[in-house]
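Just so it is clear: chains get the letters A, B, ... in the order the sequence lines come, proteins before strands, and each one is counted from 1.
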Protein chains: 2
Amino acid sequence: MSIDRDLAGVRRIPEATVVRLPVYQRILAELGRAGVPTVSSELLAGLARVNAAKVRKDLSLLGSFGTRGTGYDTAFLLEQIELALGVDHDWPVVVVGIGNLGRALVNSAGFSSRGFRIAALFDTDPAVVGQQVGPAVVRDMATLADLAAQERAAIGVVATPSAAAQEVTDQLIGIGVRSILNFAPTVLTVPAGVLLRYVDLSIELQVMSFYLTRLPAADPPGVLAPIRSVGLTPPAPGEDAPAGPT
Amino acid sequence: MSIDRDLAGVRRIPEATVVRLPVYQRILAELGRAGVPTVSSELLAGLARVNAAKVRKDLSLLGSFGTRGTGYDTAFLLEQIELALGVDHDWPVVVVGIGNLGRALVNSAGFSSRGFRIAALFDTDPAVVGQQVGPAVVRDMATLADLAAQERAAIGVVATPSAAAQEVTDQLIGIGVRSILNFAPTVLTVPAGVLLRYVDLSIELQVMSFYLTRLPAADPPGVLAPIRSVGLTPPAPGEDAPAGPT
DNA sequence: CGATGTGAAATGCTTCACAGCA
DNA sequence: TGCTGTGAAGCATTTCACATCG
């Protein structure tokens, strides 16, 4: 109750921070490619459109990686963030539902990042099964169990229609998948210990609708965060960006 | 500035609540179709996988729509939520970038909801321009300005590669779009007063990676883990559950 | 009696402000 | 001197607990 540290010397990391880490990661990678050797919290904050104090607090939760008077070593900080995120691990991903969305996901930049490897693609449509999509051939959903014999997938992406989502999820968990990323607009039930996240277009649209009706006067937060951030543009922290991430 | 009420007698609605409203909306619509006349905060909370006190607090921010001892009238509450969300308005949506992702979005359930109407689709690829996608024919991005002459789009969806996202965003804002939903994995800059939200697959994957590395030790081969009382299920913009299907 | 609506407490996150180190 | 790292203040959100009312 009192101690805020886990087994290592690292503090518990708030969800809000975890969501920002990939943003920093991406910016640092870009700065690294641009040959920028060190970054100040101010610069990083400007590029990520957040408060500099927040950047420092976020990073300090991972450890003390900066140099006073100088800033953070770009490459080193990137490394530490990736370490914290665990993207140095191998995370086999299974995608179920190879419609337009599934294809978009498989071909997206998200998967080309280190760590995330397409382990297999599944669908029930005979017209789709057997097709080459991205790096893999689509398999019949009925053969899902066969995958388990080969390897343990870490992440299951559900890109099926809502009606099939729960059943698919159950099957994924059945072969040992410990985390589910759900794109179907429906609430899923998973056993305790299984991670579950949602990405939902219609919620995004409705939230925008809400703020649009209140635009003239509203002043919601202007944070950058995937999925559930909203806001009027932040008070433009300082200046523009040298090399914005592509 | 000081009072916590806006022009009507309704309190300022926290972002966190706004994100949950669409979830309640979906559940209520489903319950309505199933013929359930009234809902208690407890039932609604169960279906939305949140705390009942939170449901009551959320709903009380919109007004006092419940009946003590009974609960909320399903149809009436649904109506009030949709009113608050502003989905009764007409929100013309422009989608730019009609690749797999754009197609998936256009055909998704999100757009069939009331209020969101595809105003136009744009792409630069000559092979795509002219194609019928969903309810509209894809136009050449070069003709974007022509749209402005016809009508003012409210929401711009950016589904292009990262490299084009900022330029596309600028053009959308140029024709009067006041809110941008960005699917490209890049930080965008918009003028103050323009709403901006991000949906980013690679961030989702990295967040999962983070939690996966901290999940209690993996269950040994074969055995179903007895699992601890509360699993880490990081907060997500929840979904609803249709009445009963598996 | 049962379920809402809501002050007040608890928790969590953000921002401030500055000591301290390179 | 410049910039990090961080206690403490300031806000926001969640949860509690119960008066209140149909």
Side-chain angles (χ1 to χ4, degrees), chain A residues 1-5 9-21 24 37-46 48-74 76-77 80 218-225 228-231 234-235 237-238, chain B residues 1-2 4-5 9-21 24 36-46 48-74 76-77 80 230 232 234-235 237-238:
Chain A
M1 259 203 102
S2 46
I3 307 185
D4 204 19
R5 294 172 176 277
V10 180
R11 290 199 189 154
R12 202 197 116 257
I13 301 191
E15 152 90 2
T17 293
V18 174
V19 170
R20 282 188 296 267
L21 291 180
Y24 303 149
T38 62
V39 217
S40 67
S41 61
E42 191 108 16
L43 173 60
L44 193 45
R49 308 261 183 276
V50 299
N51 182 300
K54 194 185 280 183
V55 169
R56 291 199 297 279
K57 180 73 88 177
D58 283 344
L59 298 181
S60 77
L61 294 173
L62 307 181
S64 289
F65 302 137
T67 307
R68 288 161 203 246
T70 306
Y72 303 87
D73 181 87
T74 307
F76 180 67
L77 181 57
Q80 292 303 315
D219 192 62
V223 203
L224 189 162
R228 69 192 74 81
S229 70
V230 164
Chain B
M1 236 357 234
S2 48
D4 207 19
R5 295 173 174 274
V10 180
R11 289 200 190 154
R12 205 197 115 257
I13 303 191
E15 151 88 3
T17 294
V18 175
V19 171
R20 284 188 295 269
L21 290 180
Y24 302 148
V36 179
T38 62
V39 218
S40 65
S41 60
E42 190 108 18
L43 174 59
L44 194 43
R49 308 252 184 279
V50 298
N51 181 299
K54 193 184 283 182
V55 169
R56 291 200 298 277
K57 181 72 91 180
D58 284 343
L59 297 181
S60 76
L61 294 173
L62 306 182
S64 288
F65 303 137
T67 307
R68 290 164 199 242
T70 306
Y72 303 86
D73 181 88
T74 307
F76 180 67
L77 181 57
Q80 293 303 317
V230 180
L232 340 169

*asked:* For the CD atom on A:Glu42, are there more than 12 heavy atoms of other groups (residues, nucleotides or ligands in this structure) within a distance under 6.0 Å?
replied: no

[X] [atom1] to [N] [atom2], straight-line distance once rounded to whole Å:
X	N	atom1	atom2	result
A:Phe65	D:dC3	CZ	C1'	17 Å
B:Leu59	C:dA3	CG	C1'	13 Å
A:Lys54	D:dC11	NZ	P	15 Å
A:Leu44	D:dG5	CG	C1'	15 Å
B:Arg20	D:dT13	CZ	P	9 Å
B:Glu15	D:dA12	CD	C1'	12 Å

Minimal heavy-atom distance between A:Ala53 and A:Asn51, with the atoms involved, is N-OD1, 2.6 Å

Closest non-hydrogen atoms of A:Thr74 and A:Val39, given as atom of the first, atom of the second and distance, are OG1-CG2, 3.4 Å

Computed from five pairs at either end and rounded to 10 degrees, the angle between the axes of the helix from C:dC1-D:dG22 to C:dA22-D:dT1 is 10°

Quick one: [atom1] on [X] to [atom2] on [Y], what's the gap to the nearest 0.5 Å?
X	Y	atom1	atom2	answer
B:Lys54	B:Leu59	NZ	CG	12.5 Å
B:Asp58	B:Tyr24	CG	OH	3.5 Å
A:Thr17	A:Arg12	OG1	CZ	9.0 Å

Would you be so kind as to tabulate the donor-acceptor pairs closer than 3.5 Å made by side chains of residues 60-72 of chain A, with sequence neighbours excluded?
| from | atom 1 | to | atom 2 | distance (Å) |
| --- | --- | --- | --- | --- |
| A:Ser60 | OG | A:Arg56 | O | 3.4 |
| A:Ser60 | OG | A:Lys57 | O | 2.9 |

Picking from C:dT4, D:dG22, C:dC13, the nucleotide nearest the side-chain atoms of A:Ala16 would be C:dC13

Side-chain atoms of B:Asn51 come closest, of C:dT15, D:dT14, D:dT15, to D:dT15

Ignoring backbone atoms, test whether [X] places a side-chain nitrogen or oxygen under 4.0 Å from the OP1 or OP2 oxygen of [N].
X	N	result
A:Arg12	C:dT11	no
A:Ser41	D:dT4	yes
B:Tyr72	C:dG5	yes

query = Hey, does the side chain of A:Ser41 reach the backbone of A:Val55 with a donor-acceptor pair shorter than 3.5 angstrom?
reply = no

Show the distances under 3.5 angstrom between N or O atoms of the protein and N or O atoms of nucleotides 6-9 of chain D.
| from | atom 1 | to | atom 2 | distance (Å) |
| --- | --- | --- | --- | --- |
| D:dG7 | O6 | A:Lys57 | NZ | 3.4 |

Ranking A:Pro14 and B:Asp58 by the position along DNA chain C of their nearest nucleotide, the one closer to 5' is B:Asp58

